[in-house]
Amino acid sequence: MFWAVPLFAQSKKEATKPSSASRAHWCHVVVAQQLPKGPVLGSIGGRPFKPDVVQWNSYSITLKQNSKRYCKVVINLMKSQKPLCNLAFTSDTNSRPHIYVYTRSSNSEPIVEKHYTNKDGYGLKLVLSAPLADDWVPGSLALRLPDGSFVAGSFKAEKAPRIIWDDESVNP
């Protein structure tokens, strides 16, 4: 993944104790960059994130990983659009999206939830294309969070069922 280094590189100083100005710059520079090619992946809380499932509903895109740890990133658009497709925006042009991050390292640990709004200074670039057969929606995103977490790449999101059973388990 040659794109991950320049797109998400940080100086050693930023990695150890970033100032709020450097965090804001690191987050918002993603808005001006091209979306990376390749499958969506990243780092959440300093650990690799590679979603097993990407789903959409009329309000949100959800990326979830259950293998080796539980990690779920939800981009909630806070406004219904049926179907959720043919969108292109950045965090600079749309203040609605809220970002929810849920993590746990083992089944015996409680879920840790973090919530970000546009006031928190995250950077987001999201593009959703026209739906494919069977309501799959292709898209690309680049998301940077103030804590240094990031997710970027292309995906094909499946339509979420009306009832989602998420046992929030960690699979080996």
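FYI, the numbering just counts along the sequence from 1.
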Worked verdict on Leu141 versus Leu63 for side chain to side chain contact (heavy atoms under 4.5 Å, CB included): CA-CA 11 Å; Leu141 71 88; Leu63 302 103; 4.2 Å; yes
Step by step, work out the side chain to side chain contact (heavy atoms under 4.5 Å, CB included) result for Asn118 and Ser91. CA-CA 7 Å; Asn118 65 327; Ser91 53; over 6 Å; no
Report the C-alpha separation of Trp56 and Asp135 in whole Å, then their side-chain angles, then the decisive distance to 0.1 Å, and conclude whether the side chain to side chain contact (heavy atoms under 4.5 Å, CB included) test is met. CA-CA 9 Å; Trp56 69 271; Asp135 289 326; 4.1 Å; yes
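The shortest distance between side-chain heavy atoms of Pro146 and Cys27 falls below 4.5 Å. Side-chain contact between Ser169 and Tyr70: absent, with no pair of heavy atoms (C-beta onward) separated by less than 4.5 Å. Side-chain contact between Leu124 and Phe89 is present, with heavy atoms from C-beta onward closer than 4.5 Å. Looking only at side-chain heavy atoms (C-beta outward), Ile61 and Leu128 come within less than 4.5 Å of each other. For the pair Lys114/Asp120, no side-chain contact is recorded, criterion being any heavy-atom separation below 4.5 Å from C-beta on.
Asn57 contributes no side-chain N or O that, together with a main-chain N or O of Ala160, makes up a donor-acceptor pair within less than 3.5 Å. In this structure, the side chain of Trp26 does not engage the main chain of Gly123 through any donor-acceptor pair within 3.5 Å. Judged by distance alone, the side chain of Gln65 and the main-chain N or O of Cys71 form no donor-acceptor pair under 3.5 Å. No donor-acceptor pair under 3.5 Å is formed between the side chain of Ser60 and the backbone N or O of Thr62. In this structure, the side chain of Lys125 does not engage the main chain of Leu35 through any donor-acceptor pair within 3.5 Å.
Every residue two or more places apart in sequence or in another chain that forms a side-chain hydrogen bond (donor to acceptor under 3.5 Å, both in side chains) with His115 is listed here: His98, Tyr100.
Closest approach of Lys156 to Trp136, counting heavy atoms only: O-CZ3, 3.4 Å. Listed here is the closest heavy atom pair of Ala130 and Asn86: N-OD1, 3.2 Å. The heavy-atom pair separating Pro161 from Gln55 by the smallest distance is CD-NE2, 3.7 Å.
Taking hydrophobic clusters as Ile, Leu, Val, Met, Phe, Trp and Tyr residues chained together by side-chain heavy-atom distances below 4.5 Å, Tyr122 shares a cluster with Leu87.
For the 3.5 Å distance criterion, the side chains of Ser149 and Asp147 qualify, holding a donor opposite an acceptor. Side-chain N/O atoms of Thr103 and Arg47 include no donor and acceptor closer than 3.5 Å.
Just one residue in the list Leu126, Val101, Val73, Val40 forms a side chain to side chain contact (heavy atoms under 4.5 Å, CB included) with Leu143, and that residue is Val73.
Here Asn66 contributes atom CG and Lys72 contributes atom NZ; the two are 9.5 Å apart, rounded to the nearest 0.5 Å.
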